[in-house]
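Accompanying notes for the structure given below.
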Number of protein chains: 2
Amino acid sequence: MKIYDRQQIAEKVGLDHAALEVVEAGFAALGRGEVVMPPILSMNIAESNGEVDVKTAHIQGWQRFAIKISPGFFDNPRLGLPSLNGLMLLFSAKTGLVDSVLFDEGYLTDIRTALAGAIAAKHLAREDARRVAVIGAGLQAELQVAALRLVRDIEEVHVHARDSAKAEAYARRMGEVHGLPVVVHDSAASACARADIVVTTTPSRTPVLQWSDLPQGIHVTAMGSDNPHKNELEPTILTSADVVAVDRLSQSRALGELHHAPALQREVFELGTLIAEGRRLRTSAEQITVCDLTGTGVQDTAIANYAASRLEADGQ
Amino acid sequence: MKIYDRQQIAEKVGLDHAALEVVEAGFAALGRGEVVMPPILSMNIAESNGEVDVKTAHIQGWQRFAIKISPGFFDNPRLGLPSLNGLMLLFSAKTGLVDSVLFDEGYLTDIRTALAGAIAAKHLAREDARRVAVIGAGLQAELQVAALRLVRDIEEVHVHARDSAKAEAYARRMGEVHGLPVVVHDSAASACARADIVVTTTPSRTPVLQWSDLPQGIHVTAMGSDNPHKNELEPTILTSADVVAVDRLSQSRALGELHHAPALQREVFELGTLIAEGRRLRTSAEQITVCDLTGTGVQDTAIANYAASRLEADGQ
């Protein structure tokens with residue numbers, strides 16, 4: 001059994017094409033019905049303002065499956081600790097024996113979440129998308145844009161965040177780290193006005209994006225909501241967009257954007273199905289497409305396998 | 001973060017009164033409504049005849065909660081490996097940080113499962129119970145009897161198993177290891193005929209115990225069924241017994257004995273409630289009592305906390 005820490009893992013796994021391909025392969029397998037993915041196990045620890053989620057999936061034919069444990073304890077910053085944490089365990093899919101423990105402290109979750117945003121844009125955004133709007137100014141606001149560069153030639157970023165100081169800090173960081181020009185906006189509508197892609201990256205409980213904010217041709221990825229109380233998109237966006245996709249229907253209905261549009265009467269596609277079937281749902285530059293991401297166990301199994309294989313190849 | 005292996009854990013944790021008290025305290029907290037215990041996460045890996053279960057629970061006020069991962073890969077014996085395996089992780093209930101990893105390979109599950117049987121008998125069997133019948137001749141057939149000695153003065157054992165060679169080996173082992181006389185029987189009815197307690201410890205998919213097998217005054221603990229296909233008790237036992245208890249109603253209905261008696265019209269008690277309220281449901285020596293155990297996350301959190309505190313006290 002091998003044990004790796006965050007630093008070892010971060011040296012081997014980042015936002016690149018190889019990692020993207022592995023996560024995309026996981027989604028494709030899901031779309032082909034080749035994945036066993038049980039519902040998320042979730043436990044609240046109210047007395048500490050904490051929660052813990054456990055996700056898993058097995059991809060048929062893969063040698064290992066991951067179980068990911070993600071604690072989120074939201075009073076931690078007062079103690080000088082990060083809110084999010086966690087680890088992934090890899091097990092042999094043949095014997096059930098523990099193969100490796102990835103003490104990534106949530107790093108691989110950050111990576112696979114950003115890659116899912118890129119995969120959604122790859123299959124739904126315009127080919128010539130250049131301008132990204134981001135709502136929120138946290139870590140995913142940064143990683144989502146970095147990942148999008150793997151699939152589109154991103155040239156400029158427009159950001160809106162409730163806390164304008166954080167938005168300014170984000171703009172500086174994106175310039176320094178990624179060499180991308182960032183314009184700070186005082187509203188989501190203004191940020192989206194000239195964008196080809198908008199990514200919402202907030203823990204908001206009320207919509208941060210309205211239908212009227214969206215220009216023709218934009219692709220929307222909503223990656224913030226992962227529990228029934230969170231909601232980033234005005235439900236009209238789901239009823240009015242030309243295409244709506246999600247990472248997993250059952251999860252989006254239970255804890256994603258579909259949860260807030262229970263009466264939605266339209267076809268909603270799973271991202272994995274689009275990949276598996278090679279379907280191109282965007283048929284014009286004017287269409288508005290939407291993808292809601294809740295985060296799936298198959299992404300975890302994919303990225304954990306990838307991480308372990310890279311770490312092993314290096315003989316660590 | 002501390003990491004312990006099976007041998008270290010087994011040196012510190014066994015079937016004794018201290019461990020029993022901790023598991024009983026966990027059940028009592030469950031009975032008082034002080035436990036958060038989500039449904040079990042379960043995944044099948046059909047291609048390897050494997051499954052993996054994840055259980056967890058948090059007991060209010062306790063400093064740590066456990067997440068237990070239990071793989072069961074039933075073709076492993078062909079590879080010279082045990083079918084059951086697994087580990088427990090302990091997390092701070094205040095910060096969600098990993099506290100310790102107990103690579104117990106299923107050892108603590110064996111212990112807490114046997115202790116639950118003893119706790120069931122403590123609260124439901126006759127005080128003067130001396131004779132135990134066991135159906136099945138595996139590890140739990142041994143541990144259940146050993147644990148019962150913590151709560152009753154067990155003097156003799158009667159065993160019945162489908163494989164009579166295993167029953168004979170069990171009889172020898174119990175004599176050598178535990179100094180207990182064991183009589184091997186060719187039927188469950190014969191094994192139960194003079195017993196005060198019977199414990200079923202099989203993975204059977206058809207009942208191994210019939211109502212007509214049970215003498216007056218016996219207490220029945222069924223600990224084998226833990227998925228919807230398993231079934232140890234003829235449903236008539238549940239309808240006809242004087243008292244029926246379970247470790248967790250929702251689990252027994254989903255994957256225990258209650259699953260096979262969906263139309264059951266009677267009060268079924270949770271073991272934790274009996275403990276918390278100090279209720280004594282057995283009011284005569286003639287009553288027949290039953291307890292179905294499916295295995296709960298609160299037992300895991302209790303025994304993992306106990307193991308960690310004993311390991312730490314030793315400064316390992």
Side-chain angles (χ1 to χ4, degrees), chain A residues 1 3 5 34-63 65 67-87 89 91-98 101 103 105-106 297 301, chain B residues 1 3 5 34-63 65 67-87 89 91-98 101 103 105-106 297 301:
Chain A
M1 193 192 61
I3 300 181
D5 66 18
E34 296 171 359
V35 174
V36 192
M37 191 161 77
I40 299 164
L41 182 157
S42 191
M43 179 165 73
N44 280 303
I45 298 185
E47 68 213 68
S48 309
N49 192 21
E51 65 186 31
V52 59
D53 282 355
V54 182
K55 293 183 181 181
T56 189
H58 170 60
I59 305 170
Q60 280 170 31
W62 287 39
Q63 295 303 304
F65 65 90
I67 294 181
K68 181 178 78 172
I69 301 173
S70 301
F73 281 66
F74 303 102
D75 294 342
N76 276 5
R78 289 188 215 157
L79 307 169
L81 296 168
S83 293
L84 300 177
N85 221 293
L87 71 158
L89 298 110
F91 295 83
S92 161
K94 186 159 184 63
T95 66
L97 293 176
V98 181
V101 185
F103 282 110
E105 299 172 23
T301 281
Chain B
M1 193 192 62
I3 299 181
D5 67 18
E34 297 171 358
V35 175
V36 192
M37 190 161 77
I40 300 163
L41 181 158
S42 191
M43 179 166 73
N44 280 301
I45 298 185
E47 68 214 69
S48 308
N49 192 20
E51 64 185 31
V52 59
D53 281 356
V54 182
K55 293 183 181 181
T56 189
H58 170 60
I59 305 170
Q60 281 170 32
W62 288 38
Q63 296 301 304
F65 65 91
I67 294 181
K68 181 178 78 173
I69 303 173
S70 301
F73 281 66
F74 303 101
D75 293 342
N76 276 5
R78 288 189 215 157
L79 308 170
L81 295 169
S83 294
L84 301 177
N85 221 293
L87 71 158
L89 298 110
F91 294 83
S92 161
K94 185 159 183 64
T95 66
L97 293 175
V98 182
V101 185
F103 281 111
E105 300 172 22
T301 281

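Letters A, B, ... are given to chains in the order of the sequence lines, protein chains preceding strands, and every chain is numbered from 1. Quick caveat: nothing in here was measured; it's all calculated off a predicted structure.
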For the [atom1] atom of [X] and the [atom2] atom of [Y], what is their distance to the nearest 0.5 Å?
X	Y	atom1	atom2	result
A/Ile67	B/Ile67	CD1	CD1	10.0 Å
A/Thr56	B/Leu41	OG1	CG	6.5 Å
A/Ile3	B/Ile3	CD1	CD1	3.5 Å
B/Asn76	A/Lys94	CG	NZ	9.0 Å

Name the region of B/Phe65, side chain, backbone, both or neither, that has any atom closer than 4.5 Å to a heavy atom of chain A.
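Looking at B/Phe65, just its side chain touches chain A.
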
Answer with side chain, backbone, both or neither: which region of B/Val36 has an atom nearer than 4.5 Å to a non-hydrogen atom of chain A?
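Answer is both: backbone and side chain atoms of B/Val36 are under 4.5 Å from chain A.
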
Tell me which pairs pass side chain to side chain donor-acceptor pair (under 3.5 Å) where either residue lies in residues 35-46 of chain B, with sequence neighbours left out.
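Found B/Ser42-B/Asp53.
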
May I have all residue pairs that pass salt bridge (Lys or Arg N to Asp or Glu O under 4.0 Å) and include part of residues 34-52 of chain A, sequence neighbours excluded?
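Matches after skipping sequence neighbours: A/Arg32-A/Glu34.
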
Heavy-atom contact with chain B under 4.5 Å, split by part of [X]:
X	result
A/Phe103	side chain
A/Val98	side chain
A/Gln60	both
A/Val54	both

Top contributor to chain A contacts, counting heavy-atom pairs under 4.5 Å, from B/Gly61, B/Gly96, B/Pro71:
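It is B/Gly96.
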
In terms of heavy-atom pairs under 4.5 Å with chain A, which of B/Ala57, B/Ser70, B/Gly72 leads?
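Option with the top pair count is B/Ala57.
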
Which residues in residues 77-85 of chain A have any heavy atom closer than 4.5 Å to a heavy atom of chain B?
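Contacts with chain B: A/Leu79, A/Leu81, A/Asn85.
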
Does A/Ser92 have any side chain to side chain donor-acceptor pair (under 3.5 Å) partners at least two apart in sequence or in another chain, and if so, which?
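For A/Ser92, the residues satisfying side chain to side chain donor-acceptor pair (under 3.5 Å) (neighbours in sequence not counted) are A/Thr95.
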
